[in-house]
Engineer: 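Attaching a single structure in structure tokens format; questions to follow.
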Amino acid sequence: MTDLSYTKISEITLTDLVDYLRLSELDSSQTQLLTTIQAAAVNYVVGVTGLQLEQLDNYPDLTLAVFALVQDMYDNRTIYVDKANISDTVSTILNMYRTNLL
């Protein structure tokens, strides 16, 4: 039987992010940056979907969206300020869960 377990958004660790980003050792400023980016990515997912933070763990593909957002924010060192800056993959995943369609 296939193991269908996944990392829940609430369980993503700094080590998970470092592994995903294929980074080597981090200094304290990089650790702080990555922690801040993780929080921004999760908050972005909450804002776009309209789901409550507690609900995010129910959707495994939203974890992928968080990882993708973290990678993009880390690589580009920018925060999304308009819809033109979000990748199509992340947008597609998040749109499946939008509850605030105004």
Side-chain angles (χ1 to χ4, degrees):
M1 182 168 207
T2 305
D3 180 13
L4 297 176
S5 63
Y6 65 96
T7 302
K8 296 177 180 180
I9 289 176
S10 65
E11 297 172 348
I12 296 173
T13 65
L14 187 60
T15 301
D16 294 330
L17 296 176
V18 168
D19 291 346
Y20 184 80
L21 297 172
R22 298 182 180 151
L23 302 173
S24 54
E25 298 178 28
L26 297 179
D27 62 28
S28 61
S29 66
Q30 290 173 310
T31 298
Q32 181 61 42
L33 174 64
L34 206 48
T35 302
T36 302
I37 288 173
Q38 179 182 4
V42 171
N43 287 334
Y44 186 83
V45 170
V46 168
V48 168
T49 63
L51 295 170
Q52 298 297 315
L53 185 60
E54 306 81 37
Q55 295 175 292
L56 299 182
D57 285 344
N58 297 326
Y59 306 99
D61 44 349
L62 289 180
T63 300
L64 290 173
V66 169
F67 276 110
L69 285 164
V70 167
Q71 181 173 10
D72 194 45
M73 288 181 194
Y74 185 83
D75 289 347
N76 296 309
R77 307 297 199 279
T78 60
I79 300 293
Y80 295 110
V81 293
D82 62 49
K83 292 180 182 179
N85 289 331
I86 189 166
S87 78
D88 290 337
T89 302
V90 171
S91 182
T92 299
I93 292 170
L94 296 179
N95 285 337
M96 291 188 304
Y97 299 101
R98 281 185 186 256
T99 60
N100 53 353
L101 298 173
L102 295 178

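By convention here, the first residue in the shown sequence is residue 1.
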Engineer: Between L62 and Y97, is the side-chain contact (heavy atoms from CB on, under 4.5 Å) condition met? List the steps.
Structural biologist: CA-CA 9 Å; L62 289 180; Y97 299 101; 3.6 Å; yes

Engineer: Between CG of L56 and NZ of K8, what distance do you get to the nearest 0.5 Å?
Structural biologist: 12.0 Å

Engineer: Got a list of side-chain donor-acceptor pairs under 3.5 Å for residues 45-54, not counting sequence neighbours?
Structural biologist:
unit_1	atom_1	unit_2	atom_2	d
T49	OG1	V45	O	2.8
T49	OG1	L51	N	3.1

Engineer: Among L26, L34, I37, find the residue that satisfies the side chain to side chain contact (heavy atoms under 4.5 Å, CB included) test when tested with L21.
Structural biologist: L34

Engineer: Set out, in order, the CA-CA distance, both residues' side-chain angles and the distance that settles side-chain contact (heavy atoms from CB on, under 4.5 Å) for F67 and D16, then state yes or no.
Structural biologist: CA-CA 9 Å; F67 276 110; D16 294 330; 4.1 Å; yes

Engineer: To the nearest 0.5 Å, what is the distance between CG (N43) and CD (Q38)?
Structural biologist: 10.5 Å

Engineer: When rounded to the nearest 0.5 angstrom, what is the spacing between OH in Y44 and CE in M73?
Structural biologist: 7.5 Å

Engineer: Going by atom types alone, do Q32 and S28 pair a side-chain donor with an acceptor below 3.5 Å?
Structural biologist: no

Engineer: Which pair of non-hydrogen atoms, one from Q30 and one from E25, has the smallest distance, and what is that distance?
Structural biologist: OE1-O, 3.9 Å

Engineer: Could you grab the distance from atom CG of D57 to atom CD1 of I9, nearest 0.5 Å is fine?
Structural biologist: 6.5 Å

